Visitor: 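To start, I am sharing the structure in question, which I have written as structure tokens.
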Amino acid sequence: MLPPEALDTIYDRGVWFPPRRLLMQPGTQTIDGLFFLSSLGQFLEVRTVFEIGTYIGLTAWTLARNLPDAIITTLDIPSAATPRLALEKDDLHRASGDRLVYKSAPEAARIEQHWGDSAEFDFSPWSGRVDLVYVDGAHSEAYVKSDTDNALKMLSQDGALVWDDYWRLSPGVVGVLHRRTDLDLFRVPGTRLVVHLADQSRKRLFDV
């Protein structure tokens, strides 16, 4: 678990939330999860975010609103596309352009939407440049491993990598993270999130 002192440091700021009707829908991030992601981004003063797994765009919109200096890049596979890798049985929530909740918001100008399979997408333009990488794509081991490998390549030295759905109903996520003994991983209390801090961001958080 993240130590209480670190949580107090991260949570010492205000967070904007989308309209109540959009919160806690199936397949979206929880309120506590949105609060942590936004607070962490503010603490790290992130300028670049890359989200794997857009769905309806709720997390992308929340991050864009709370990180006014950041560009939010988000990727999802088109609803009609056939995934390259195997899926879990709970991978039911697929994105589509007509369901994106941020489209009419002013923050949409800072949200770059990409469509494609994360197992085939070219992440190289973001190599070493992303301050906050958020992995919430397909939950099979094959996809979580692929997304994790790509996320680590994108992560900046001042950044953080966050995974969603670390819980018993997503064994693919759990299995991949348990095998990453090369990473310092912290669970976020009250959420299904796990975070890895790059060297400089970890030093900044724990040396405060």
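All of these numbers come straight from a predicted model, not from anything done at the bench.
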Visitor: Under 4.5 Å between side-chain heavy atoms, chaining through other members, with only Ile, Leu, Val, Met, Phe, Trp and Tyr counted: pull out the rest of the cluster around Leu87, sorted by chain and number.
Guide: Leu85, Tyr143

Visitor: In sequence, state the C-alpha distance, the side-chain angles, and the governing distance for Lys103 and Gln113, and then conclude on side-chain contact (heavy atoms from CB on, under 4.5 Å).
Guide: CA-CA 10 Å; Lys103 288 178 68 174; Gln113 182 70 56; over 6 Å; no

Visitor: Would you say Leu63 and Val188 are hydrophobically clustered, going by side-chain heavy atoms of ILVMFWY under 4.5 Å?
Guide: yes

Visitor: Can you tell me how far apart CD (Glu112) and OG1 (Thr74) are? Round to the nearest 0.5 Å.
Guide: 10.5 Å

Visitor: Quick one: closest heavy-atom pair of Ser170 and His139, and the distance?
Guide: OG-CD2, 3.7 Å

Visitor: Quick one: do Leu44 and Leu132 satisfy side-chain contact (heavy atoms from CB on, under 4.5 Å)? Show the steps, please.
Guide: CA-CA 9 Å; Leu44 295 175; Leu132 178 60; 5.6 Å; no

Visitor: Find out if a path of hydrophobic residues (ILVMFWY) with successive side-chain heavy-atom gaps under 4.5 Å connects Tyr102 to Ile71.
Guide: no

Visitor: Between CG of Leu193 and CG of Leu37, what distance do you get to the nearest 0.5 Å?
Guide: 5.5 Å

Visitor: Just by distance, do the side chain of Arg13 and the backbone of Thr9 share a donor-acceptor pair under 3.5 Å?
Guide: yes

Visitor: When rounded to the nearest 0.5 angstrom, what is the spacing between OG1 in Thr54 and CH2 in Trp61?
Guide: 15.0 Å

Visitor: Quick check with a 6.0 Å cut-off and a 45 degree axis cone: is Arg204 positioned over the face of Phe43's six-membered ring?
Guide: yes

Visitor: Quick one: pull up CD in Gln29 and CD in Glu51 and give me the separation to the nearest 0.5 Å.
Guide: 9.5 Å

Visitor: Using the side-chain contact (heavy atoms from CB on, under 4.5 Å) rule, take Thr28 and Leu23 through it: C-alpha gap first, then chi angles, then the decisive distance, then the call.
Guide: CA-CA 8 Å; Thr28 64; Leu23 298 173; over 6 Å; no

Visitor: Ignoring hydrogens and geometry, is there a side-chain-to-backbone donor-acceptor pair from Thr48 to Asp131 under 3.5 Å?
Guide: yes

Visitor: Determine, for Asp149 against Lys153, whether the closest basic-nitrogen to carboxylate-oxygen distance falls under 4.0 angstrom.
Guide: no

Visitor: Which atom names give the shortest non-hydrogen contact between Phe17 and Leu34, and what distance separates them?
Guide: CE2-CB, 3.9 Å

Visitor: Kindly state whether the ring of Phe186 and the ring of Phe36 have centres lying under 6.0 angstrom apart.
Guide: no

Visitor: Distance check, rounded to the nearest 0.5 Å: Thr82 atom OG1 versus Ile77 atom CD1?
Guide: 7.5 Å

Visitor: Quick one: OG on Ser201 to CG on Leu40, what's the gap to the nearest 0.5 Å?
Guide: 8.0 Å

Visitor: Would you call Arg192-Asp32 a salt bridge at under 4.0 Å N-O?
Guide: no

Visitor: Would you mind listing the cluster partners of Leu177? Hydrophobic ones only (ILVMFWY), side-chain contacts under 4.5 Å, chaining allowed.
Guide: Phe50, Ile52, Leu75, Phe121, Phe123, Trp126, Val130, Val133, Val135, Val144, Leu152, Met154, Leu155, Leu161, Trp163, Tyr166, Val173, Val174, Val176, Leu183, Leu185, Val194

Visitor: Same cluster or not: are Leu2 and Trp167 linked, directly or through other Ile, Leu, Val, Met, Phe, Trp or Tyr residues, by side-chain heavy atoms under 4.5 angstrom apart?
Guide: no

